[in-house]
Novice: 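Submitted below is the structure of interest, expressed as C-alpha coordinates.
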Amino acid sequence: DVKVTQSSRYLVKRTGEKVFLECVQDMDHENMFWYRQDPGLGLRLIYFSYDVKMKEKGDIPEGYSVSREKKERFSLILESASTNQTSMYLCASNTGADTEAFFGQGTRLTVV
Amino acid sequence: GEDVEQSLFLSVREGDSSVINCTYTDSSSTYLYWYKQEPGAGLQLLTYIFSNMDMKQDQRLTVLLNKKDKHLSLRIADTQTGDSAIYFCAERSPGGSYIPTFGRGTSLIVHP
(Lines give C-alpha, C1' and ligand atoms only; values in the text may rest on other atoms or scores of the structure.)
Protein backbone atom coordinates (compact mmCIF):
# COMPACT_ATOMS: atom_id res chain seq x y z
CA ASP A 1 0.00 0.00 0.00
CA VAL A 2 1.08 3.55 -0.68
CA LYS A 3 2.07 5.31 2.47
CA VAL A 4 2.33 9.04 3.02
CA THR A 5 3.60 9.86 6.47
CA GLN A 6 3.55 13.23 8.16
CA SER A 7 6.01 13.60 10.99
CA SER A 8 3.60 14.99 13.59
CA ARG A 9 -0.12 14.65 14.25
CA TYR A 10 -0.27 17.66 16.55
CA LEU A 11 2.03 20.64 16.97
CA VAL A 12 1.84 23.72 19.16
CA LYS A 13 4.21 26.55 18.30
CA ARG A 14 4.66 30.12 19.38
CA THR A 15 4.16 33.16 17.18
CA GLY A 16 7.37 34.02 15.37
CA GLU A 17 8.87 30.53 15.54
CA LYS A 18 10.21 28.79 12.46
CA VAL A 19 8.16 25.64 11.90
CA PHE A 20 8.98 22.61 9.78
CA LEU A 21 6.31 20.14 8.70
CA GLU A 22 7.74 16.99 7.18
CA CYS A 23 6.15 14.57 4.75
CA VAL A 24 7.57 11.32 3.41
CA GLN A 25 6.10 8.98 0.77
CA ASP A 26 7.32 5.50 -0.01
CA MET A 27 6.01 4.94 -3.55
CA ASP A 28 8.53 6.88 -5.62
CA HIS A 29 5.91 9.46 -6.59
CA GLU A 30 7.08 12.42 -8.63
CA ASN A 31 4.42 14.84 -7.40
CA MET A 32 3.92 16.02 -3.86
CA PHE A 33 1.52 18.60 -2.47
CA TRP A 34 0.86 20.60 0.65
CA TYR A 35 -2.69 21.70 1.44
CA ARG A 36 -4.20 23.45 4.39
CA GLN A 37 -7.72 22.64 5.49
CA ASP A 38 -9.95 25.08 7.32
CA PRO A 39 -13.64 24.68 8.20
CA GLY A 40 -15.89 25.88 5.40
CA LEU A 41 -12.95 26.51 3.09
CA GLY A 42 -12.06 22.95 2.13
CA LEU A 43 -8.56 22.15 0.92
CA ARG A 44 -6.43 24.96 -0.39
CA LEU A 45 -3.18 24.22 -2.20
CA ILE A 46 -0.13 25.92 -0.68
CA TYR A 47 2.73 24.52 -2.76
CA PHE A 48 3.45 21.53 -4.93
CA SER A 49 6.49 19.88 -6.40
CA TYR A 50 6.79 17.75 -9.51
CA ASP A 51 10.43 16.78 -9.10
CA VAL A 52 13.38 17.00 -6.76
CA LYS A 53 14.36 20.63 -6.15
CA MET A 54 11.36 21.82 -8.18
CA LYS A 55 8.51 23.72 -6.58
CA GLU A 56 5.50 25.67 -7.71
CA LYS A 57 3.23 28.02 -5.80
CA GLY A 58 -0.30 26.97 -5.24
CA ASP A 59 -3.23 29.19 -4.38
CA ILE A 60 -2.06 30.45 -0.96
CA PRO A 61 1.76 30.40 -0.77
CA GLU A 62 2.18 33.58 1.28
CA GLY A 63 3.95 32.96 4.56
CA TYR A 64 5.15 29.51 3.50
CA SER A 65 8.10 27.97 1.71
CA VAL A 66 8.95 24.39 0.78
CA SER A 67 11.93 22.17 0.28
CA ARG A 68 12.33 19.02 -1.77
CA GLU A 69 15.90 17.78 -1.57
CA LYS A 70 14.99 14.12 -2.00
CA LYS A 71 12.22 12.57 -4.04
CA GLU A 72 10.50 10.98 -1.08
CA ARG A 73 10.47 14.01 1.21
CA PHE A 74 8.61 17.29 0.92
CA SER A 75 8.90 19.82 3.73
CA LEU A 76 6.65 22.78 4.43
CA ILE A 77 8.29 25.68 6.25
CA LEU A 78 6.63 28.49 8.12
CA GLU A 79 9.41 31.07 8.35
CA SER A 80 7.73 33.03 11.15
CA ALA A 81 4.58 31.36 12.40
CA SER A 82 1.50 33.50 12.93
CA THR A 83 -1.81 32.75 14.59
CA ASN A 84 -3.64 32.81 11.24
CA GLN A 85 -1.57 29.79 10.24
CA THR A 86 -3.32 27.68 12.84
CA SER A 87 -4.84 24.95 10.69
CA MET A 88 -4.81 21.32 9.60
CA TYR A 89 -2.03 20.67 7.10
CA LEU A 90 -2.31 17.78 4.66
CA CYS A 91 0.42 16.35 2.50
CA ALA A 92 -0.38 14.30 -0.62
CA SER A 93 1.47 12.61 -3.44
CA ASN A 94 0.74 11.02 -6.79
CA THR A 95 2.23 10.27 -10.18
CA GLY A 96 1.12 11.81 -13.44
CA ALA A 97 -0.60 8.57 -14.36
CA ASP A 98 -2.35 7.97 -11.07
CA THR A 99 -6.08 8.27 -10.82
CA GLU A 100 -5.87 9.46 -7.24
CA ALA A 101 -3.80 11.43 -4.78
CA PHE A 102 -2.66 9.68 -1.61
CA PHE A 103 -2.87 11.66 1.61
CA GLY A 104 -1.04 11.67 4.89
CA GLN A 105 -2.97 11.69 8.14
CA GLY A 106 -2.61 15.43 8.62
CA THR A 107 -0.82 17.69 11.09
CA ARG A 108 -2.94 19.92 13.25
CA LEU A 109 -0.84 23.00 13.93
CA THR A 110 -1.78 25.50 16.60
CA VAL A 111 0.14 28.78 16.77
CA VAL A 112 -0.22 30.60 20.08
CA GLY B 1 -11.05 28.77 -14.05
CA GLU B 2 -11.61 25.55 -12.24
CA ASP B 3 -14.13 25.50 -9.43
CA VAL B 4 -15.84 22.70 -7.58
CA GLU B 5 -18.88 23.43 -5.44
CA GLN B 6 -20.79 21.34 -2.95
CA SER B 7 -23.12 22.00 -0.06
CA LEU B 8 -21.50 22.07 3.38
CA PHE B 9 -23.84 19.88 5.43
CA LEU B 10 -26.17 16.93 5.07
CA SER B 11 -28.05 15.22 7.87
CA VAL B 12 -29.76 11.85 7.41
CA ARG B 13 -31.32 9.16 9.53
CA GLU B 14 -29.57 5.82 9.85
CA GLY B 15 -30.82 3.40 7.22
CA ASP B 16 -31.88 6.11 4.78
CA SER B 17 -30.06 6.94 1.56
CA SER B 18 -27.73 9.92 1.42
CA VAL B 19 -27.15 11.93 -1.72
CA ILE B 20 -24.24 14.35 -1.86
CA ASN B 21 -24.12 16.67 -4.84
CA CYS B 22 -21.30 18.49 -6.55
CA THR B 23 -20.97 20.83 -9.51
CA TYR B 24 -17.79 21.61 -11.38
CA THR B 25 -16.86 24.07 -14.08
CA ASP B 26 -14.05 22.47 -16.08
CA SER B 27 -15.72 20.60 -18.93
CA SER B 28 -12.41 18.96 -19.86
CA SER B 29 -12.16 17.09 -16.54
CA THR B 30 -11.06 13.53 -17.14
CA TYR B 31 -11.53 12.09 -13.69
CA LEU B 32 -13.99 13.01 -10.99
CA TYR B 33 -13.49 11.73 -7.47
CA TRP B 34 -15.13 11.32 -4.14
CA TYR B 35 -12.84 11.34 -1.13
CA LYS B 36 -13.85 10.60 2.45
CA GLN B 37 -12.29 12.18 5.51
CA GLU B 38 -13.03 10.68 8.88
CA PRO B 39 -12.52 12.81 12.02
CA GLY B 40 -8.86 13.56 12.68
CA ALA B 41 -7.63 11.75 9.59
CA GLY B 42 -6.42 12.48 6.09
CA LEU B 43 -8.47 11.95 2.94
CA GLN B 44 -9.02 8.55 1.42
CA LEU B 45 -10.29 7.88 -2.05
CA LEU B 46 -13.80 6.46 -1.89
CA THR B 47 -14.53 6.09 -5.58
CA TYR B 48 -13.95 7.81 -8.88
CA ILE B 49 -15.55 7.99 -12.28
CA PHE B 50 -14.01 8.56 -15.66
CA SER B 51 -15.60 11.30 -17.66
CA ASN B 52 -16.87 9.01 -20.43
CA MET B 53 -19.06 7.15 -17.94
CA ASP B 54 -22.38 8.30 -16.55
CA MET B 55 -22.77 5.88 -13.68
CA LYS B 56 -20.62 3.73 -11.47
CA GLN B 57 -21.83 1.42 -8.71
CA ASP B 58 -19.72 -0.09 -5.97
CA GLN B 59 -21.64 -1.91 -3.23
CA ARG B 60 -23.57 0.78 -1.32
CA LEU B 61 -22.11 3.61 -3.39
CA THR B 62 -23.54 4.93 -6.64
CA VAL B 63 -21.88 7.75 -8.55
CA LEU B 64 -23.87 9.60 -11.18
CA LEU B 65 -22.26 11.96 -13.66
CA ASN B 66 -24.20 14.41 -15.79
CA LYS B 67 -21.52 15.80 -18.03
CA LYS B 68 -23.85 18.20 -19.81
CA ASP B 69 -24.78 19.91 -16.55
CA LYS B 70 -21.33 19.29 -14.98
CA HIS B 71 -23.03 17.65 -12.02
CA LEU B 72 -21.70 14.76 -9.97
CA SER B 73 -23.51 12.98 -7.18
CA LEU B 74 -22.67 10.31 -4.64
CA ARG B 75 -25.46 8.16 -3.29
CA ILE B 76 -24.87 6.05 -0.19
CA ALA B 77 -27.52 3.41 0.32
CA ASP B 78 -28.51 2.25 3.83
CA THR B 79 -26.43 4.96 5.48
CA GLN B 80 -24.75 3.92 8.71
CA THR B 81 -23.31 5.93 11.59
CA GLY B 82 -19.86 4.90 10.37
CA ASP B 83 -20.53 6.86 7.20
CA SER B 84 -20.46 10.11 9.18
CA ALA B 85 -17.53 12.03 7.70
CA ILE B 86 -16.64 14.86 5.37
CA TYR B 87 -17.00 13.98 1.69
CA PHE B 88 -14.95 15.87 -0.87
CA CYS B 89 -15.70 16.07 -4.53
CA ALA B 90 -12.61 16.58 -6.71
CA GLU B 91 -11.78 16.84 -10.37
CA ARG B 92 -8.67 16.37 -12.38
CA SER B 93 -8.13 17.89 -15.79
CA PRO B 94 -6.11 16.54 -18.71
CA GLY B 95 -3.10 18.12 -20.34
CA GLY B 96 -0.62 17.26 -17.63
CA SER B 97 -2.49 18.97 -14.84
CA TYR B 98 -2.11 16.33 -12.18
CA ILE B 99 -3.31 18.56 -9.37
CA PRO B 100 -6.75 17.59 -8.19
CA THR B 101 -9.10 20.47 -7.43
CA PHE B 102 -11.27 19.93 -4.38
CA GLY B 103 -14.65 21.20 -3.31
CA ARG B 104 -15.13 22.53 0.20
CA GLY B 105 -16.44 19.24 1.51
CA THR B 106 -19.87 18.09 2.69
CA SER B 107 -20.19 17.06 6.33
CA LEU B 108 -22.49 14.06 6.47
CA ILE B 109 -24.13 13.55 9.85
CA VAL B 110 -25.95 10.28 10.39
CA HIS B 111 -28.27 10.13 13.39
CA PRO B 112 -30.15 7.16 14.83
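A, B, ... follow the sequence lines: proteins, then strands. Residue 1 opens every chain. Heavy-atom basis, side chains included; hydrogens, waters and symmetry copies ignored. Source: prediction; values computed, not measured.
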Novice: Could you please state which residues from residues 52-83 of chain B sit under 4.5 angstrom from chain A, measuring non-hydrogen atom to non-hydrogen atom, sorted by number, or 'none'?
Specialist: none

Novice: Give, as side chain, backbone, both or neither, the part of A:Arg9 having an atom under 4.5 angstrom from any heavy atom of chain B.
Specialist: side chain

Novice: Could you measure the distance from the CZ atom of A:Phe33 to the CD1 atom of B:Ile99? Nearest 0.5 Å is fine.
Specialist: 6.0 Å

Novice: Going by the rule salt bridge (charged side-chain N to carboxylate O under 4.0 Å, His left out), which residues pair with A:Glu69 if we only count those two or more places apart in sequence or in a different chain?
Specialist: A:Lys53

Novice: Name the option with the most non-hydrogen atom pairs under 4.5 Å to chain B; the candidates are A:Pro39, A:Cys91, A:Gly40.
Specialist: A:Gly40

Novice: Quick check: under 4.5 Å, non-hydrogen atoms only, which of residues 79-86 of chain A neighbour chain B?
Specialist: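 Hits under 4.5 Å: none found.
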
Novice: Side chain, backbone, both or neither: which part of B:Gln37 has a non-hydrogen atom closer than 4.5 Å to chain A?
Specialist: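 The side chain, not the backbone.
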
Novice: What's the spacing between B:Leu8 CG and A:Leu41 CG if we round to 0.5 Å?
Specialist: 9.5 Å

Novice: Drop me the distance from A:Glu100's CD to B:Leu43's CG, to the nearest 0.5 angstrom.
Specialist: 11.0 Å

Novice: Does B:Tyr35 use its side chain to pair, donor to acceptor, with the backbone of A:Ala101 at less than 3.5 Å?
Specialist: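 Present.
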
Novice: With a strict 4.5 Å heavy-atom criterion, list every residue of residues 103-112 of chain B that contacts chain A, or say none.
Specialist: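 Checking residues 103-112 of chain B against chain A gives B:Gly103, B:Arg104.
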
Novice: With only heavy atoms counted, which part of A:Gln37 is less than 4.5 Å from chain B, the side chain, the backbone, both or neither?
Specialist: side chain

Novice: Would you say that more than 12 heavy atoms from the other residues, nucleotides or ligands in this model lie under 6.0 Å from the CZ of A:Arg44, or not?
Specialist: yes

Novice: Which one of B:Tyr33, B:Phe102, B:Phe88 satisfies the ring pair (Phe, Tyr, Trp, His ring centres under 6.0 Å) criterion with A:Phe103?
Specialist: B:Phe102

Novice: Out of A:Gly58, A:Ala92, A:Gly42, return the one with the most heavy atom pairs under 4.5 angstrom to chain B.
Specialist: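 Most heavy-atom pairs within the cutoff with chain B belong to A:Gly42.
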
